[in-house]
Each structure stands twice: as structure tokens, then as C-alpha cells.
Asks: 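Can you read through this structure? Questions will come right after.
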Amino acid sequence: MYLAPQILSMNKLTYFLGIFCFLALITSCEEQQQRGFIEPPRDYADQRATDNDSLLTFLQNRFYNYEDYQNAASNELVTFTLDTIQGTNATKTPLIDQVDEITLKVKDNDGTYHDHTAYILPLREGVGTAPTVADSVFVTYRGMLLNLYTFDQRTSPIWFEALNVVKGFGALMPYVKKAAAPTVNMDGTYSFDGFGSAAIFMPSALGYYNSTQSSVIPQYSPLIFAVDLYTYNTSDHDGDTVPTHLEDLDMDGYFDDDTDSDGVPNFRDVDDDNDEILTRNEYDQDNNGTPDDSDGDGIPDYLDKD
Ligand SMILES: [Ca+2]
Ligand SMILES: [Ca+2]
Ligand SMILES: [Ca+2]
Ligand SMILES: [Ca+2]
């Protein structure tokens, strides 16, 4: 597989994508306002049960092209396809026998947490390490609805900020490993070998829930994403040397932690405890890989005012 040298323009692409996602969200709100009402979202517990029933029925009755993945070379991109177990495909292995369940917390409008179940399907093992939910990832992917309609697909790699896409997409990232270091071809393009691939089947609460997406994804749609991961960068959104994934202090999957209560969440705050010493100058001064704690009170210096 041959790829254009998109790595060089990574920062621009990331910036552009951030804007695009933001605009898409705004548009969906405006559409609702123009219709003159905003329907209150459905109860999370009810919708969770409905979505999980739909997902389980789907996983019991469908299979994926696992033979294509088994036969593919380690540098060959396989298009993820799903079909019904029936007729000549009656003896295929159902997805339900191949997925692993994960549980993720979702906050409703009142700030109450609800556990939601998603299903991870390993497609092929990558040779590298896996990113976190907060990193920048270089991927190809296919997004589908349970009726097998493909609402989005990329066969040339693109950079995404995992935090800027739907929660279930980010949640898949720790389950997919990157490729070996790319080789540069004679014509200046890159080749990746040994990339990992995995899919997630998620309830609507990990997708767009009650918002519609440009009439392509109806409200309350469970979603499927199959992703191939080529490489990633560990994100540090505020450049304070604390990787973004470590600035979710309570590890609830929401980057809303705000130690100094100044309205700027930690992952965007260059002085997390507001003691006028930049986090970068008190996080890990001795470079031993663990946060410094000068007074030994169990609170690391960068989060400790005294
Ligand atoms: Ca940071
Ligand atoms: Ca803050
Ligand atoms: Ca910070
Ligand atoms: Ca500080």
C-alpha cells in the first residue's frame, strides 16, 4: 500500500479537522433550532437497553469477511464488510463469538453516570503499541449503521484527534496497535507494514445519541467503526509536558477535570494548580518518569498549591 507524504502536513490537517468537527456540531444544533423546538433527549437507561438489544441481535446474525483478513498480506488494506448468516453463508461464524465486551461510562444531562456496553472486534494484530483515547491517530476507517449503510469511509489515511470524534471511536483506540515505522519509497510516498485493525459496535450514547448528522445518521443510531491504525502521536493539548490522557485525573473518560477551578480544564491549563509556576516547571523536574512531590503529601507538585 502506498501513501502520500501526509505526515508533513499533520498539524494543518489536525487543525482543519478540529474546525470541521466543530462546524458539524453547530450545524446540527442550528437545524434543530430552525425547526422551532429541541426535543428533550430520551432517558439514557431506556435507550441503553434498546440499543444493546439491537446490537446483540445484529452480532448474532451477522458475520464479517474474516477469511479476507486471514489471507491478506501484512501491508494490504482489507475493506471491512459485513453480511447476514443465511443461505450459502449459513455456516459462517457469527460476530457474537468473536467480540469482546467493554463497559464505558456516559454522563447524561444531569451529570449522572451510566454504564454502556460496546463490543470490540479484533481484526488484525498490529506490530506496534496502541494509542490512548486522547491521542492523534493516523487511520483509514469505515463507519456503518446497523442496516449496513456506510455513512463514512476513508481508504487513504487521515489524521484525527481522538478527542474530537465520537466517544466510541476514541474508546476503540487502545485496542488497535500501530504499524512498524514507515518506509519511504523512491517516489517520496510512504508504505506501512504491520498495521493493526479493529472494529467497535457501539450504542448510540457513544455516538451521536439524539442529534442527527446531516440526515445521514438518524437519531439514536448504534454505530459501527472499523479502523486501521498506521501511526499516532501522544497528545499534549496544552504543551505542559503532561500527556493529555493523564490530565483526566478521575479517569472517567471526560476531560473536564479542573484542579484549580478556574474554568480551564487541566488538559488545556498550563498552570494546573494556579500557583503561578507553570506545570511544565514542576511536573517532572528530575525526569524520573513520575510526577515530583516535594513535600511528600501524595499530591504531585503541579497539582499542589503549597
Ligand atoms: Ca498537558
Ligand atoms: Ca484549571
Ligand atoms: Ca495542564
Ligand atoms: Ca503550577
Side-chain angles (χ1 to χ4, degrees), residues 6-23 25 102 104-107 111 113 128-139 157-178 206 227 229-306:
Q6 284 172 286
I7 285 178
L8 293 174
S9 55
M10 163 192 91
N11 288 328
K12 271 186 198 159
L13 269 174
T14 305
Y15 178 71
F16 173 76
L17 270 172
I19 300 261
F20 177 78
C21 296
F22 179 69
L23 288 178
L25 283 172
I102 59 166
L104 292 162
K105 287 185 191 306
V106 177
K107 264 188 207 179
Y113 290 107
T129 52
T132 73
V133 299
D135 294 335
S136 300
V137 294
F138 195 51
V139 294
I158 184 170
W159 281 100
F160 274 116
E161 279 286 341
L163 280 189
N164 289 352
V165 288
V166 294
K167 201 170 168 60
F169 189 101
L172 175 61
M173 291 303 112
Y175 296 93
V176 53
K177 293 174 183 166
K178 69 174 184 177
L206 300 178
V227 173
L229 177 70
Y230 303 95
T231 189
Y232 69 89
N233 289 321
T234 302
S235 290
D236 179 7
H237 287 78
D238 54 7
D240 67 357
T241 72
V242 186
T244 295
H245 68 96
L246 296 180
E247 300 216 55
D248 172 19
L249 294 175
D250 56 5
M251 294 187 288
D252 66 350
Y254 289 86
F255 290 78
D256 53 2
D257 310 66
D258 183 10
T259 298
D260 56 11
S261 305
D262 66 350
V264 182
N266 285 20
F267 86 105
R268 296 273 186 210
D269 198 336
V270 296
D271 179 8
D272 292 293
D273 54 5
N274 211 13
D275 65 354
E276 297 183 354
I277 305 169
L278 291 175
T279 292
R280 62 159 52 247
N281 294 328
E282 54 180 349
Y283 178 55
D284 184 14
Q285 292 305 100
D286 56 7
N287 275 313
N288 69 348
T290 54
D292 303 337
D293 180 12
S294 309
D295 59 5
D297 66 354
I299 301 169
D301 293 351
Y302 79 106
L303 301 175
D304 194 350
K305 265 179 126 52
D306 55 14

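Nothing here was measured: the structure is a model prediction, and the numbers come from that model. Computed over heavy atoms, backbone and side chain alike; hydrogens, waters and symmetry mates excluded. Whatever order the structure lists ligands and atoms in, that order sets their numbers, starting from 1. Quick note: residue numbers are just sequence positions, from 1.
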Asks: Restricting to N, O or S, what is the name of the atom of E282 that lies nearest the Ca ion (ligand 4)?
Replies: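 Within E282, restricted to N, O or S, the Ca ion (ligand 4) is closest to atom OE2.
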Asks: Return the name of the atom in D238, of element N, O or S, nearest to the Ca ion (ligand 1).
Replies: OD1
Asks: Measuring from the Ca ion (ligand 1), name the closest N, O or S atom belonging to D236.
Replies: OD1
Asks: Under a 3.5 Å threshold, yes or no: a donor from one side chain and an acceptor from the other, between E247 and H237?
Replies: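 Judged by distance alone, the side chains do not pair up.
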Asks: May I ask you to check whether I277 brings an N, O or S atom to under 3.0 Å from the Ca ion (ligand 4)?
Replies: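 It does; at least one qualifying atom falls short of 3.0 Å.
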Asks: Report whether any nitrogen, oxygen or sulfur of D272 sits less than 3.0 Å from the Ca ion (ligand 4) (N, O or S, backbone or side chain).
Replies: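 It does not; every qualifying atom lies at 3.0 Å or beyond.
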Asks: Using the six-membered ring of F138, assess whether NZ or CZ of K178 lies under 6.0 Å from its centre and within 45 degrees of the ring axis.
Replies: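 No; the conditions do not both hold, so K178 does not lie above the ring face of F138.
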Asks: With distance as the sole test, does N164 use its side chain to make a donor-acceptor pair with the main-chain N or O of E161 at under 3.5 Å?
Replies: no
Asks: Would a 4.5 Å heavy-atom cut-off, applied to side chains only, mark P243 and D236 as touching?
Replies: no
Asks: Test of geometry: compute the angle OD1(D271)-the Ca ion (ligand 4)-OD1(D275) and round it to 10°.
Replies: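 Result: 90°, to 10°.
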Asks: Under 4.0 Å between a side-chain nitrogen and a carboxylate oxygen: does that hold for K305 and D260?
Replies: no
Asks: Is Y302 close enough to the Ca ion (ligand 3) to have an N, O or S atom under 3.0 Å?
Replies: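 Given the 3.0 Å cut-off, Y302 does not count as a ligand of the Ca ion (ligand 3).
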Asks: So which N/O/S atom does D273 have closest to the Ca ion (ligand 4)?
Replies: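 This residue's closest N, O or S atom turns out to be OD1.
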Asks: Roughly how far, to the nearest 0.5 Å, is CG of D306 from CD1 of I299?
Replies: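 Interatomic distance, I299 CD1 to D306 CG, rounded to 0.5 Å: 7.5 Å.
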Asks: Is P243 close enough to the Ca ion (ligand 1) to have an N, O or S atom under 3.0 Å?
Replies: no
Asks: First locate atom CG of D248, then atom CG of L163, and finally report the distance between them rounded to the nearest 0.5 Å.
Replies: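 With rounding to 0.5 Å, CG (D248) is 9.5 Å from CG (L163).
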Asks: Suppose we only allow N, O or S atoms; which atom of D269 ends up nearest to the Ca ion (ligand 3)?
Replies: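 This residue's closest N, O or S atom turns out to be O.
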Asks: Nearest 0.5 angstrom please: I102 CD1 to Y175 OH, how far?
Replies: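 With rounding to 0.5 Å, CD1 (I102) is 4.5 Å from OH (Y175).
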Asks: Measure from the Ca ion (ligand 1) to every N/O/S atom of E247 and report the name of the nearest one.
Replies: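 The nearest such atom is OE2.
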Asks: For the Ca ion (ligand 1), find the closest N/O/S atom on D240 and give its atom name.
Replies: OD1
